[in-house]
Amino acid sequence: MLDTQQLKSTYNNEQILLVLLSRLYFSTGERADVESFIVNHTINWQIFQQILRAHGLRSFVYGIIVNHQIKLNEQAEQNLKKRYSNNRLKNFKQIKAAAEIVAVLKQQGIVVISYKGAIFAQGYYSDMALRESSDIDFLISKRDIKAIEDYFINQQYEARTTVPRPYLNYYSSFFKDIVYYKEAVVPASIEMHWRLVDRYAGNYPGYDFFEPHLVTASIGGLTIDKLSPTYDFLAVASNHFVKDMGIKFKYMVDMACMITREREALDLDVIIGCARQYGFEKKLGVGLQLVDDLLGIELIGHRQQPLSTQLLRTPLQYPIHLTRLYINEPAFIKRSLLLQDNAWNKCKFLLRCFLYAFLPTYADINELKLPVYLLPVLIIIRPFRLLYQMIRPKKRAEF
């Protein structure tokens with residue numbers, strides 16, 4: 001774990017304060033260190049709150065300062081308290097909505113797997129309200145996409161990410177999810193993933209790998225099927241370490257919470273073997289070393305070499321290092337290449353990105369509204385639309 005002087009070589013005062021506060025939650029830091037740092041360093045409380053907001057940690061930090069009786073700026077404390085209170089209610093609604101969706105679909109013979117989100121908070125945090133979540137995520141079988149979408153349509157959910165039914169076979173072959181929303185049910189997007197990472201980002205185990213490892217759990221007084229710890233770890237790692245590549249400090253906190261709570265239940269042979277088979281050993285190793293360096297929570301030990309300043313800086317950056325994780329973002333390409341396991345994987349990644357420059361997304365399909373037999377026309381048009389979005393970034397949509 002990096003000491004305060006080592007942290008100063010990479011981070012500003014506001015970022016260091018966040019790290020020191022977070023260590024209190026995991027009992028890897030001392031209250032006196034936090035109080036001394038606040039007294040002896042100038043803290044821009046507005047910037048501090050902006051960092052917490054960007055990284056989804058306002059509720060988490062509020063819980064820490066209350067539990068450890070840490071005094072921050074008065075206005076900052078009030079803002080954090082309000083967020084914490086709102087988040088408790090929001091998470092309860094998300095857990096209830098997720099449990100209901102799982103139960104209703106199960107009655108129809110459809111088994112969906114919940115991961116991340118408020119259910120994760122209830123299972124691994126000391127207080128459900130500490131973790132902020134904007135979405136409800138499920139892993140589903142590709143075989144069930146149409147039936148699940150029919151359920152949302154029949155229940156009058158609003159489609160946020162999908163395509164007309166004639167395009168669904170194409171879309172499900174190359175993309176990873178459909179997203180629906182219904183304010184009256186819960187203020188959160190319902191994301192149904194048949195892939196855990198985008199195909200251009202790499203391969204990852206799918207539904208059939210995870211589904212046999214569901215266990216029944218009581219979550220907030222509700223019964224729901226969730227993944228056993230090892231497989232829950234791999235499901236969450238797909239987002240935090242593989243897809244998003246550790247760009248938020250919240251991801252480090254999540255993984256530290258899971259390791260702390262379930263260390264003995266985590267099967268390292270399965271985790272490491274999966275990383276080796278699917279080519280994300282470096283992403284996993286860097287992610288776990290960041291958890292250890294920043295929070296003092298170790299799972300599989302250090303890499304041989306210390307992390308570079310570039311890798312250390314990313315999880316606490318403000319603004320967030322990668323605002324969009326897509327193939328027309330140079331920063332995404334650069335970081336993805338940096339974290340590939342070997343040169344062959346780098347070549348494959350670049351080839352996949354080249355392919356996806358020609359594959360129409362849901363936005364292309366829905367905006368141009370061409371019949372499915374004109375899909376080749378969309379493929380021809382796609383690179384020009386992508387180029388236009390790169391030239392006009394301030395006006396671009398989600399492509």
- Can you see which heavy atom on G246 is nearest to which on T314, and at what distance? O-CG2, 4.0 Å

- Task: Step by step, work out the side-chain hydrogen bond (donor to acceptor under 3.5 Å, both in side chains) result for D254 and Y125.
- Result: CA-CA 8 Å; D254 273 355; Y125 281 71; 2.5 Å; yes

- Query: Does the pair R23/E30 count as a salt bridge with the N-to-O cut at 4.0 Å?
  - Reply: no

- Task: Decide whether L374 and F358 are clustered together by the hydrophobic rule: side chain heavy atoms of Ile, Leu, Val, Met, Phe, Trp, Tyr closer than 4.5 Å, transitively.
- Result: yes

- Under a 4.5 Å cut-off applied to non-hydrogen side-chain atoms, are L375 and L370 in contact? no

- Query: Just how far is it from atom CD1 of I190 to atom OH of Y157, taken to the nearest 0.5 Å?
  - Reply: 5.5 Å

- Query: Considering residues, nucleotides and ligands other than Q155, do more than 12 of their heavy atoms fall under 6.0 Å from its CD?
  - Reply: yes

- Message: R385 vs E367, test: salt bridge (charged side-chain N to carboxylate O under 4.0 Å, His left out). Steps then yes/no.
- Response: CA-CA 11 Å; R385 284 173 54 79; E367 184 171 338; 3.4 Å; yes

- Query: Say you draw a straight line from CG of L227 to CZ of F233; how long is it, rounded to the nearest 0.5 Å?
  - Reply: 13.5 Å

- Could you walk me through whether T361 and D364 pass the side-chain hydrogen bond (donor to acceptor under 3.5 Å, both in side chains) test, one step at a time? CA-CA 5 Å; T361 66; D364 297 306; 3.1 Å; yes

- Message: I'd like to know if L386 and L359 are part of one continuous hydrophobic network [Ile/Leu/Val/Met/Phe/Trp/Tyr, side-chain heavy atoms within less than 4.5 Å].
- Response: yes

- Quick one: CG on L80 to CG on L57, what's the gap to the nearest 0.5 Å? 10.5 Å

- Heavy atoms of I247 and H55 approach each other most closely as O-CE1, 3.8 Å

- Query: From Q15 CD over to I51 CD1, what is the distance, rounded to the nearest 0.5 angstrom?
  - Reply: 5.0 Å

- Ring centres under 6.0 angstrom apart (F384, Y388): no

- Query: If you round to the nearest 0.5 Å, how far is CD1 of I64 from CZ of R31?
  - Reply: 13.5 Å

- Task: Please report the closest heavy-atom contact between G202 and V197, naming both atoms and the distance.
- Result: O-CG2, 3.4 Å

- Message: Between K283 and D244, does any side-chain N to carboxylate O distance fall below 4.0 Å?
- Response: no

- Judged by atom type as modelled, is there a donor-acceptor pair below 3.5 Å linking the side chain of D341 to the main-chain atoms of E281? yes

- Query: Do Y231 and F209 have their ring centres less than 6.0 Å from each other?
  - Reply: yes

- For the side chain of S189 and the backbone of D135, is there at least one donor-acceptor N/O pair under 3.5 Å apart? no

- Close side-chain approach of R195 and D177, heavy atoms under 4.5 Å: no

- Message: Can you see whether Y62 has K81 sitting over its ring - NZ or CZ less than 6.0 Å from the centre and within 45° of the normal?
- Response: no

- Note on the structure: Nearest heavy-atom approach of R382 to A357 is CG-O, 3.0 Å

- Decide yes or no on side-chain hydrogen bond (donor to acceptor under 3.5 Å, both in side chains) for E14 and N44, but give the supporting numbers first. CA-CA 7 Å; E14 292 74 28; N44 185 320; 5.5 Å; no

- From S308 atom OG to L338 atom CG, the distance as rounded to the nearest 0.5 Å: 6.5 Å

- May I have the step-by-step check of side-chain contact (heavy atoms from CB on, under 4.5 Å) for M1 and D293, ending in yes or no? CA-CA 4 Å; M1 184 172 72; D293 285 348; over 6 Å; no

- Heavy-atom side-chain contact between D267 and I271 under 4.5 Å: no

- Message: Could you walk me through whether Y278 and V242 satisfy the side-chain contact (heavy atoms from CB on, under 4.5 Å) test, starting with their C-alpha distance in whole Å, then the side-chain angles of each, then the deciding distance to 0.1 Å, before giving a yes or no?
- Response: CA-CA 10 Å; Y278 288 91; V242 181; over 6 Å; no

- Item | R143 bridged to D208 by N-O distance under 4.0 Å | yes

- Distance-minimising heavy-atom pair for V34 and L24: CG2-CD1, 3.7 Å

- Centre of Y124's six-membered ring, under 6.0 Å away, within 45 degrees of the axis: is that where NZ or CZ of R261 sits? no

- Among the clusters formed by ILVMFWY side chains lying less than 4.5 Å apart, do L351 and Y200 turn up in the same one? no

- Task: In plain terms, say whether R160 and E191 are close enough for a salt bridge, that is, a side-chain N and a carboxylate O under 4.0 Å apart.
- Result: no

- Please report the C-alpha distance between R131 and S59 in whole Å, then the side-chain angles of each, then the deciding distance to 0.1 Å, and finally whether the side-chain contact (heavy atoms from CB on, under 4.5 Å) criterion is met. CA-CA 7 Å; R131 187 182 192 274; S59 296; over 6 Å; no

- Query: Is any NZ, NE, NH1 or NH2 atom of the basic residue among D225 and K106 found under 4.0 Å from an Asp or Glu carboxylate oxygen of the other?
  - Reply: yes

- Task: Please lay out, stage by stage, how E329 and L322 fare under the test side-chain contact (heavy atoms from CB on, under 4.5 Å).
- Result: CA-CA 8 Å; E329 296 289 341; L322 296 175; 5.8 Å; no

- Charged N-O contact under 4.0 Å between D137 and K116: yes

- Note on the structure: Closest heavy-atom pair, I297 versus A256, reported as atoms and distance to 0.1 Å, is CG1-CB, 3.9 Å

- Item | Within one Ile-Leu-Val-Met-Phe-Trp-Tyr cluster: L18 and L311, side-chain cutoff 4.5 Å | yes

- Task: Check the hydrophobic clustering (I, L, V, M, F, W, Y; side-chain heavy atoms under 4.5 Å; chains of links allowed) and say if L355 and F332 are grouped together.
- Result: yes

- Message: Could you tell me if E77 and N73 have a donor-acceptor pair between their side chains, going purely by distance under 3.5 Å?
- Response: no

- Task: State whether D198 and K243 are salt-bridged, where the test is any N-O pair (Lys NZ or Arg NE/NH1/NH2 against Asp/Glu carboxylate O) under 4.0 Å.
- Result: no

- Query: Does the ring centre of Y171 sit less than 6.0 Å away from the ring centre of Y167?
  - Reply: no

- For the side chain of W194 and the backbone of F175, is there at least one donor-acceptor N/O pair under 3.5 Å apart? yes

- Is the Y326-Y356 ring centre distance short of 6.0 angstrom? no

- Query: Taking the six-membered ring for Trp, are F241 and F280 ring centroids under 6.0 Å apart?
  - Reply: no

- Query: Counting N and O atoms only, with roles assigned by atom type, does the side chain of Q122 sit under 3.5 Å from a partner on the main chain of A118, one being a donor and the other an acceptor?
  - Reply: no

- Message: Assess the residue pair Y180 and E149 against the criterion (side-chain hydrogen bond (donor to acceptor under 3.5 Å, both in side chains)); give the C-alpha distance rounded to whole Å, side-chain angles, the decisive distance to 0.1 Å, and a yes or no.
- Response: CA-CA 9 Å; Y180 278 80; E149 188 163 54; 2.7 Å; yes

- salt_bridge(R58, E132) N-O dist < 4.0 Å: yes

- Report yes if the side chains of D127 and Y84 come closer than 4.5 Å at any heavy-atom pair, otherwise no. yes

- Message: Over 60° means perpendicular and under 30° means parallel, so tell me whether F60 and F26 are parallel, tilted or perpendicular.
- Response: tilted

- Query: Are F249 and L294 side-chain neighbours, meaning at least one heavy-atom pair lies under 4.5 Å?
  - Reply: yes

